[in-house]
Amino acid sequence: MAAVRSMGYAIVNATDLDAWYEYGTNIVGLQVAERTESRIRFRMDQKAYRLEINKAEEDRITHIGWEVAGAQELEELAAAVSALGYDVQRPDAAEIADRCVVDMVRFTDPDGTVTLELHYALHDSLDRFASPLGHVFVTGTGGAGHVFQLVKDVKAYETLYFDTLGFRLSDWIDMKGLKLTFTHCNPRHHSYAFGGGVEGLPQAIGHLMFEVEDIDHVGRAHDKVLNGEAQLINSLGRHTNDKMISFYMNSPSNFGVEFGTGGLLIDDETWTPTWYTDTKYWGHSDMVKLAADDPKNFG
Ligand SMILES: [Fe+2]
């Protein structure tokens with residue numbers, strides 16, 4: 001059965017491109033691939049880009065790109081998603097070329113929170129990746145990172161991600177009574193995590209996670225955030241399930257960014273899901289009092 005291989009990219013609408021330039025380069029350590037009046041494209045590895053920020057009147061994540069292996073997988077998944085009742089569209093050739101992929105289809109996710117783009121063959125750059133801070137991002141078969149989303153219709157997300165897009169269960173965390181489900185589509189412990197179905201919770205992407213190889217780079221970014229260069233949401237800590245040492249900060253578009261190192265790799269031959277009663281072994285303390293319904297409170 002065809003299945004998503006990894007997170008290819010994320011696309012964001014942002015009111016302040018200058019803030020994103022500063023944040024992306026000086027805290028996350030991303031390389032600028034393109035900067036115009038209307039957008040910034042950031043690289044984190046050999047791919048042409050992994051994060052695109054578009055100038056807009058709003059701040060939100062608009063698209064998540066899920067990479068598949070090729071044309072046949074794209075057609076199979078497009079047909080399966082369409083059979084579920086989603087309106088699956090194929091953008092025109094100019095838009096597909098602009099995304100730097102060979103082909104893609106897209107549809108709106110169950111809650112209408114974000115547009116999902118199934119694509120293949122995200123271009124490799126001809127230029128060697130060079131982080132302005134010397135960061136080496138953990139990508140490759142694990143893709144760009146992971147997404148955590150608060151959802152309304154949990155069943156619809158289970159049906160879409162598990163039964164249709166081919167994600168497999170990693171584990172669950174019971175977070176103060178909220179069941180969070182972690183899923184993988186490659187050796188990265190989770191590429192997509194979600195929770196919700198509870199009255200009063202918002203529907204939004206809570207955070208994106210980017211991983212680097214060197215804990216000193218995580219520590220230096222944490223220092224900059226402690227120094228006020230971005231808003232610290234959760235202090236440095238270690239997750240129970242993927243064992244990642246990370247911290248959470250606010251992005252210039254008011255969604256969380258988890259920045260960490262040492263994430264667990266798993267394989268489907270041997271992996272057995274479990275559940276945890278907390279998200280962390282230590283740390284990840286709440287450093288800011290967010291509104292109870294702020295999506296950045298979760299995950
Ligand atoms: Fe995370």
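Nothing here was measured: the structure is a model prediction, and the numbers come from that model.
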Does the Asn227 side chain pair with the main chain of Glu229, one donor and one acceptor, at a distance under 3.5 Å?
-> no
Measuring from Glu58:CD to Asn254:CG, what's the distance to the nearest 0.5 Å?
-> 12.5 Å
Do other residues, nucleotides or ligands put more than 12 heavy atoms under 6.0 Å from Lys55 NZ?
-> yes
Taking the six-membered ring of Tyr21, is the NZ or CZ of Arg35 close enough (under 6.0 Å from the centre) and on axis enough (within 45°)?
-> yes
Charged N to carboxylate O below 4.0 Å: is that the case for Asp294 and Lys296?
-> yes
Flag the pair Arg41 and Glu52 as a salt bridge only when some basic side-chain nitrogen lies within less than 4.0 angstrom of an acidic carboxylate oxygen.
-> yes
Give a yes or no on whether a salt bridge exists between Arg188 and Glu211, defined as a side-chain N under 4.0 angstrom from a carboxylate O.
-> yes
Gap separating the OG1 atom of Thr261 from the CD atom of Glu213, nearest 0.5 angstrom = 7.5 Å
Salt-bridge present (Asp214, Arg220; N to O < 4.0 Å) = no
Reported OG1-to-CZ distance for the pair Thr139 and Phe129, which is rounded to 0.5 angstrom = 8.5 Å
Got a salt bridge between Arg106 and Glu95, using NZ or NE/NH1/NH2 to carboxylate O under 4.0 Å?
-> yes
Under 3.5 Å side-chain donor-acceptor pair for Ser131 and Gln31 | no
Hey, could you give me the NE2/CD1 distance between His146 and Ile64, rounded to the nearest 0.5 Å?
-> 11.5 Å
Polar side-chain atom of Asn297 near backbone of Ala291 as donor-acceptor pair, under 3.5 Å | yes
Would you say the side chain of Leu264 lies within less than 4.5 Å of the side chain of Trp271, judging by non-hydrogen atoms?
-> yes
For the atom pair CG (Asn234) and NE2 (His284), what is the distance rounded to the nearest 0.5 Å?
-> 6.5 Å
Within the side chain of Ser191, is there an N or O that forms a donor-acceptor pair under 3.5 Å with the backbone of Met7?
-> no
Over 12 non-hydrogen atoms of neighbours within 6.0 angstrom of CZ in Arg5 | no
For the residue pair Val257 and Met209, establish whether any side-chain heavy-atom pair is separated by less than 4.5 Å.
-> no
Would you kindly say whether Asp171 and Asn241 are connected by a side-chain donor-acceptor distance under 3.5 Å?
-> yes
Is it true that Val12 and Ile233 fall in one hydrophobic cluster, defined by side-chain heavy atoms closer than 4.5 Å?
-> no
So, Glu117 versus Tyr9: side-chain donor-acceptor pair below 3.5 Å or not?
-> yes
Mutual orientation of the aromatic rings belonging to His135 and Phe259 [parallel < 30°, tilted 30-60°, perpendicular > 60°] = tilted
Which atom names give the shortest non-hydrogen contact between Leu236 and Trp282, and what distance separates them?
-> O-CZ3, 3.5 Å
Parallel, tilted or perpendicular: rings of Tyr157 and Tyr161 (30°, 60°) = parallel
Can you find a pair of side-chain heavy atoms, one from Ile53 and one from Phe42, that are under 4.5 Å apart?
-> yes
Tyr192 and Gln149: side-chain donor and acceptor closer than 3.5 Å?
-> yes
Considering all heavy atoms of both residues, which atom of Leu122 and which atom of Lys47 are nearest to each other, and what is their separation?
-> O-NZ, 2.9 Å
